[in-house]
Amino acid sequence: MRMQGSTTTRVTVEECLSMQDGSTVELRGWVANKSDIGSLAFILLRDGSNYIQLVGKKGTSSDDVMRVMKDVSIESAVVVRGTLRSDARALNGKELLVRDIEVIARAEEPWPINKSTVRSASFLYDNRHLSIRGMKSSSIMRIRSELIKAAFDFFYERGFTFITAPSIVSAAVEGGATLFEFDYFGKRVYLTQSAQFYEEAAICSFGRVFTMQPAFRAEKSKTPKHLTEFVMIEAEVAFNTQEDNMRLQEEFLTYVCNRVAEKRRREFDTLGRKIRPVERPFPRVRYDEVRDTAMKHGIEFEWGEDIPTEAERLVSRMFSQPFFITDYPLSARSFYHMCRDDDPRITLSADLIAPEGFGEIATGGQRIHDYNTLLERIRSSNLPLESFRWYLDLRRYGMPPHAGFGIGVERVLRWLCNLKHIRATSLFPRTITRAYP
RNA sequence: GCCGCCGUAGCUCAGCGUGGUAGAGCGGCUGGCUGUUAACCAGUCGGUCGUCGGUUCGAGUCCGACCGGCGGCGCCA
């Protein structure tokens, strides 16, 4: 197949877009789209780095090339050689005049995804193994990849140690009703909801740790912000107060969001998303203030109850930057939260809320480090003491004040990409009604 | 778990009120076209009306049960 006397170099589409006209290159990729208009044949080639248009012209291209370009099916894998030229009519302003094309793996016809079937979300998710090749979903995944790298960089630059916690656990971190349970050699175990307890053990070894791993929630939530399996980034720091913890979240989110916005500009353009820089410090609103604001808008809820979605959305729409809701009542929080010295009904915890109505993306707080306080809290919450024995045990051996947070990767992405539904942020989303493909 | 809505062609949906053997647009396929980009033009294929049962001479249409999905709430990252 190699052309005699040529200086054909194998490059990616992205690389060849910045090469000079007249360069001879070899590309490998997939037929994203094609159109045959008689004596002209066009193929939109995708290789994972970018897209470029291939052109065949009767008279200029050989009969063989014309035949292959007309016959090739959508999504076939091809290797192609030809000459680059600029043309304003082509996507990305460049096209490849094909001199030589070979089909490496022919795709069956018809390709199931067309301009009619893209109207059906359920069809696209039933065929997610194929539909992820599309421009929108791949842009979201590239942004996701960058976000994850930025998160790792952030924590490593600050001396955090990356740890992984087990996915198979014997006790709940959150409420017991939301666990996936299964048989483990005759014992009842669960899929983890959070790495937090394991991080709390690890901080006494490493000082500051973070995790990034799947979390599972059996919540029967049919909302555009819930997955049953999602990736959570959690961080825990010894000797940190809730004040330190909120500052860390601010630094983390500004670092990650601004890096992603800068590095994945093209993908955000593809999605039509204009994003503004995230700035520190984030505004802080107390739970009581949220409740007052909600009541002024006719949304009533008892003090001590969690903030209803409608109220959270209302407040979220009032901001253009992420913000904290602080001073949650203990009754709306898990047992391990530490309370204020001056008011034992109020926890040292905060939710981090994305603006524009997107809502909660992270929760963090200071944990109880005192043995007797935690023991009393487990008892008054009617939790099985035996399940939390090791967690409690940590408080016997030099547990200092400490704080941490958990942030949902898909929730952040949904906000950054301005997506209607969180399932678009996952390559193979798991929701209450979907575990396939 | 709760409230509401929907299952008819590959996709989106009309038809159901007033029962009489099934429609549209898009897509697919075939052919045409020297600049396609959501192409265009001509032709053509396409249905166990979610499942089971009931009423009826006759059910996509009426009744019941079940299954599946969607939107929202609660809960949460």
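We name chains A, B, ... by the order of the sequence lines, and we start the count at 1 in each one. Please read these numbers as outputs of a predicted model, since none were measured by experiment.
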What integer distance in Å separates [X]:[atom1] from [N]:[atom2]?
X: I52(A); N: U36(B); atom1: CD1; atom2: C1'; answer: 15 Å
X: I407(A); N: C76(B); atom1: CD1; atom2: C1'; answer: 14 Å
X: D126(A); N: G10(B); atom1: CG; atom2: P; answer: 14 Å
X: E234(A); N: C76(B); atom1: CD; atom2: P; answer: 15 Å
X: L97(A); N: U36(B); atom1: CG; atom2: P; answer: 17 Å
X: I307(A); N: C73(B); atom1: CD1; atom2: C1'; answer: 16 Å
X: K222(A); N: C6(B); atom1: NZ; atom2: P; answer: 14 Å
X: D71(A); N: U30(B); atom1: CG; atom2: C1'; answer: 14 Å

[N] to [M] separation - [atom1] atoms, rounded to the nearest Å:
N: G23(B); M: C63(B); atom1: C1'; value: 26 Å
N: U8(B); M: G69(B); atom1: P; value: 14 Å
N: C26(B); M: G17(B); atom1: C1'; value: 29 Å
N: U48(B); M: C76(B); atom1: P; value: 47 Å
N: C16(B); M: C73(B); atom1: C1'; value: 31 Å
N: C5(B); M: A14(B); atom1: P; value: 15 Å
N: G10(B); M: C67(B); atom1: P; value: 25 Å
N: U55(B); M: G64(B); atom1: C1'; value: 11 Å

So, OP1 or OP2 of [N]: does either fall under 4.0 Å of a side-chain N or O from [X]?
X: S221(A); N: C75(B); value: no
X: T433(A); N: C70(B); value: yes
X: R313(A); N: C73(B); value: yes
X: T223(A); N: G72(B); value: no
X: S39(A); N: U34(B); value: yes

Taking any strand in view, what nucleotide pairs with [N] in a Watson-Crick or G-U wobble way, both distances under 3.5 Å?
N: G7(B); result: C67(B)
N: C62(B); result: G54(B)
N: C2(B); result: G72(B)

Counting only side-chain heavy atoms from C-beta out, which of [options] sits nearest to [X]?
X: E219(A); options: C11(B), U36(B), A77(B); result: A77(B)
X: T178(A); options: U36(B), C75(B), C76(B); result: C75(B)
X: T309(A); options: A77(B), G25(B), G74(B); result: G74(B)
X: D36(A); options: C76(B), C33(B), G72(B); result: C33(B)
X: K57(A); options: U12(B), G35(B), G10(B); result: G35(B)
X: V55(A); options: G35(B), G10(B), G25(B); result: G35(B)

Could you run down the sub-3.5 Å N/O contacts of the protein with nucleotides 27-29 of chain B?
{"residue": "G27(B)", "atom": "OP1", "partner": "K115(A)", "partner atom": "NZ", "Å": "3.0"}
{"residue": "G27(B)", "atom": "O2'", "partner": "N114(A)", "partner atom": "OD1", "Å": "3.4"}
{"residue": "G27(B)", "atom": "O2'", "partner": "N114(A)", "partner atom": "ND2", "Å": "2.4"}

Please confirm whether R133(A) makes a cation-pi placement over W111(A), using NZ or CZ under 6.0 Å from the six-membered ring centre and within 45° of the ring normal.
->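 Not satisfied by the 6.0 Å and 45° rule.
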
Quick check, are the ring centers of [X] and [Y] under 6.0 angstrom apart?
X: F154(A); Y: Y255(A); result: yes
X: F388(A); Y: F335(A); result: yes
X: F155(A); Y: F162(A); result: no
X: W30(A); Y: Y51(A); result: no
X: Y190(A); Y: F216(A); result: no

Indicate, with a heavy-atom threshold strictly under 4.0 Å, whether [X] touches base, sugar-phosphate, or nothing.
X: K34(A); value: nothing
X: L227(A); value: base
X: E310(A); value: nothing
X: P308(A); value: sugar-phosphate

OG on S170(A) to CZ on R188(A), rounded to 0.5 Å =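 One finds 12.5 Å between CZ of R188(A) and OG of S170(A).
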
If you measure from the ring centre of F42(A) to the centre of the six-membered ring in the base of G35(B), is it under 5.5 Å, with the planes under 30° apart?
->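 Not stacked by the 5.5 Å and 30° rule.
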
Using a strict cut-off of less than 4.0 Å between a Lys/Arg side-chain nitrogen and an Asp/Glu carboxylate oxygen, indicate whether R313(A) and E360(A) qualify as a salt bridge.
->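 E360(A) and R313(A): not salt-bridged.
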
Residue met sooner reading RNA chain B from 5', once K220(A) and D351(A) are mapped to nucleotides =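 Upstream on the strand: K220(A).
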
If each of G38(A) and E305(A) is mapped to the nucleotide of RNA chain B with the nearest heavy atom, which maps nearer the 5' terminus, i.e. the 5' end?
->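 Nearer the 5' end of the strand: G38(A).
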
Using the six-membered ring wherever Trp is involved, compare the ring planes of F405(A) and F252(A) and label them parallel, tilted or perpendicular (cut-offs 30° and 60°).
->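 Geometry flag for F252(A) against F405(A): tilted rings.
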
Where do R85(A) and D87(A) land on the salt bridge (charged side-chain N to carboxylate O under 4.0 Å, His left out) test, with the steps shown first?
-> CA-CA 6 Å; R85(A) 57 179 298 256; D87(A) 192 308; 3.4 Å; yes

